[in-house]
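As a basis for the values below, the full set of heavy atoms in this structure was taken, side chains included, without hydrogen atoms, waters or symmetry mates.
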Amino acid sequence: MDDYQKLVEQALESVSEIMPWDLEEDIPDTGLILLDIREQDEFNRMHIPNSIHIPRGLLESACVWNYDDTVPMLAASRNQNIVLICRSGNRSVLAAQTLQQMGFENVRSLKLGIKGWNDNDFEMLDIKGNIVDIDQADEWLNRTVTDEKRQPNS
C-alpha cells in the first residue's frame, strides 16, 4: 500500500462513506449539500446535478467566513448533511476528514466517487447542463495511467 492509500485508510477511521445508490435516494433531502472537490476541468466535463464545486485546494478557506474564497452557503452549513465527491472516493475522504477537523459534523464521502455514480448509470451533467453520455464518461473516468506516471523499474 502506498503512502496516499495509507492516508485514505487512516482517514476512513473517522470518515463515513455513502454508496452511490444510497446517495441517489438521499438527494431529494432539501438539507443535503453535494460538494464536488475535483478540479475545474473534471467538474466541467461531468458532475452530479445540483452539486456545488469547490476545488480541494480552496476547501479550507471556502468553508469559513472572512476569506476571498468564502462560499457563504458552505460557511453557514456546519450542521448540514454534506457529501463530498471526487473521481474515485479517495480525495473526498481526505476532504471530509479536513471538514471534520474544522468542526463540520455531518460529512460523508461518496464511496467510489463519480466513477461509482457513473457505473450505476445515474445522471450527470456537463458544465452547459447537457446530460453526459454514460459510455463517454466511462471511457474518460477509466483511462489508464501513462507510462511516465508509473514508478520506474529498479
Would you say the side-chain atoms of [X] pair up with the backbone N or O of [Y], donor to acceptor, closer than 3.5 Å?
| X | Y | answer |
| --- | --- | --- |
| Arg87 | Gly113 | no |
| Glu105 | Asn79 | no |
| Ser88 | Leu112 | no |
| Gln80 | Ile33 | no |
| Arg38 | Ile85 | no |

Can you tell me how far apart [atom1] ([X]) and [atom2] ([Y]) are? Round to the nearest 0.5 Å.
| X | Y | atom1 | atom2 | result |
| --- | --- | --- | --- | --- |
| Asp69 | Leu74 | CG | CG | 11.5 Å |
| Arg56 | Leu35 | CZ | CG | 10.0 Å |
| Leu59 | Met102 | CG | CE | 7.0 Å |
| Lys115 | Cys86 | NZ | SG | 10.0 Å |
| Met124 | Phe43 | CE | CZ | 12.0 Å |
| Ile37 | Glu42 | CD1 | CD | 9.0 Å |

Under 6.0 Å from the [atom1] atom of [X], do we count more than 12 heavy atoms belonging to anything else shown?
| X | atom1 | result |
| --- | --- | --- |
| Asp41 | CG | yes |
| Asp2 | CG | yes |
| Gln40 | CD | yes |
| Tyr4 | OH | yes |
| Asn50 | CG | no |

Query raised in the report: Got a salt bridge between Lys128 and Asp126, using NZ or NE/NH1/NH2 to carboxylate O under 4.0 Å?
Result: no
Report task. For the pair Asp22 and Arg108, find out whether any cationic side-chain nitrogen is under 4.0 Å from an anionic carboxylate oxygen. Result -> no
Determine the minimum heavy-atom distance between [X] and [Y], stating which atoms define it.
| X | Y | result |
| --- | --- | --- |
| Asp26 | Ile18 | OD2-CD1, 3.4 Å |
| Val107 | Ala96 | CG2-O, 3.6 Å |
| Met46 | Val132 | CB-CG2, 3.9 Å |

Query raised in the report: In terms of the angle between their ring planes, are Phe122 and Trp117 parallel, tilted or perpendicular, with boundaries placed at 30° and 60°?
Result: tilted
